[in-house]
Novice: 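Let me begin by handing over the structure; questions about it come next.
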Number of protein chains: 2
Amino acid sequence: MNNNIYIQKAQIFKALSNPVRLEIIDFLADGEKCVCEIVENLNYEQPHISKSLIKLKEVGLIKDRKEGSNVYYSLKICCVGEFFNCLNKILKECID
Amino acid sequence: MNNNIYIQKAQIFKALSNPVRLEIIDFLADGEKCVCEIVENLNYEQPHISKSLIKLKEVGLIKDRKEGSNVYYSLKICCVGEFFNCLNKILKECID
DNA sequence: TATCCATATTCCAATATTGGCATATAATAT
DNA sequence: ATATTATATGCCAATATTGGAATATGGATA
């Protein structure tokens, strides 16, 4: 049962464990974007971007909003800053 | 080249994307532990624990120290607190 | 040296992830 | 109704991850 928490957390990390999905998050840090904008900016096929977005949404990292035929995605993590600052620290230490 | 940063970050998240490895990190949050203590506390085969520790070490999340025939592992992340607080926030929001 | 204990490595089958391609759906416009 | 545009889904081969079982290594002790 307590093990469940580790499984849930692992799933969030799994969603983050892909360069394309990290690039999407970085792009969304700039603000809400529709799928087409993300596809234009990242050099990947539309279906791949779509699947990546869905995976990020499933674990609660981003949210979507439909408007006409467009779907707009945006970050749901309030603490992206702290989160990625820590990551950067780890990377910096790793280089030393 | 900038893509490399996403690959590196993804590798850190990949190391964290496993319940056993998260449990190990949680256990190490209590302080430095030798492999045998970790094996005793977590219900997994010694080789699995060993491999998990090596994976965490490879990405710079933990460090090791040999003393006789024992190897002691400890956290190398200074900012575990912030990091996991954010994660908990995401999990909480996800439930709502 | 022989043996014991702690840790790491290798091998493996089952399972999951990746990312492209083709296709489906759903909204909008003509 | 048909065509067009935006997004999602299904399928697939290549590749990676998982975690167990057996085995190897290396320090300590008798």
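Here is the naming used below: chain letters follow the sequence lines, and residue numbers restart at 1 for every chain.
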Novice: Taking only residues two or more places apart in sequence, or in another chain, which ones meet A/D30 in a salt bridge (charged side-chain N to carboxylate O under 4.0 Å, His left out)?
Specialist: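 Only A/K33 meet the salt bridge (charged side-chain N to carboxylate O under 4.0 Å, His left out) criterion with A/D30.
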Novice: Work out which heavy atom in A/L53 is nearest to a heavy atom in A/I62; give both atom names and the distance.
Specialist: O-CD1, 3.4 Å
Novice: Going from OH on A/Y44 to NZ on A/K51, what distance comes out if it is rounded to the nearest 0.5 angstrom?
Specialist: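 The distance works out to 13.0 Å.
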Novice: Are the side chain of B/S17 and the backbone N or O of B/K14 linked by a donor-acceptor pair below 3.5 Å?
Specialist: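 Indeed, once roles are kept as given, a pair shorter than 3.5 Å links the two residues.
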Novice: Scan A/K66 against the nucleic acid and name what it touches under 4.0 Å (heavy atoms): base, sugar-phosphate only, or nothing.
Specialist: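 Nothing, no heavy atom under 4.0 Å.
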Novice: Shoot me the first and last contacting nucleotide of DNA chain C against chain B, ordered 5' to 3', at under 4.0 angstrom to non-hydrogen atoms.
Specialist: C/dA6 to C/dC11
Novice: What string of B, S and - do you get for nucleotides 20-27 of chain D 5' to 3' if you count protein non-hydrogen atoms under 4.0 Å?
Specialist: BBB----S
Novice: Quickly work out the A/E40 CD to D/dT7 P distance and round it to whole Å.
Specialist: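 The answer, rounded to whole Å, is 10 Å.
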Novice: For B/N70 and D/dA28, give me the distance from atom CG to atom P, rounded to whole Å.
Specialist: 9 Å
Novice: Nearest whole angstrom, please: distance from the C1' of D/dT9 to the CD1 of A/I54.
Specialist: 8 Å
Novice: Can you tell me how far apart OH (B/Y73) and CD1 (B/I54) are? Round to the nearest 0.5 Å.
Specialist: 5.0 Å
Novice: Between A/R21 (side chain) and B/A10 (backbone), is there a donor-acceptor pair under 3.5 Å?
Specialist: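 No; judged by distance alone, with no hydrogens or angles, the pair does not exist.
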Novice: Quick one: are A/I25 and A/L16 in side-chain contact, heavy atoms under 4.5 Å?
Specialist: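 Contact flag for A/I25/A/L16 side chains = yes.
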Novice: Closest-nucleotide mapping onto DNA chain C: is B/Y73 or A/V20 further toward the 5' terminus? I mean the 5' end.
Specialist: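 The residue mapped nearer the 5' terminus is B/Y73.
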Novice: Taking side chain as C-beta onward, heavy atoms only, is B/V39 less than 4.5 Å from B/H48?
Specialist: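 B/V39 vs B/H48: side chains apart.
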Novice: For a quick check of understanding: with a heavy-atom distance under 4.0 Å over all strands, which category does A/Y72 fall into, base, sugar-phosphate or nothing?
Specialist: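 The residue A/Y72 makes no contact with any strand.
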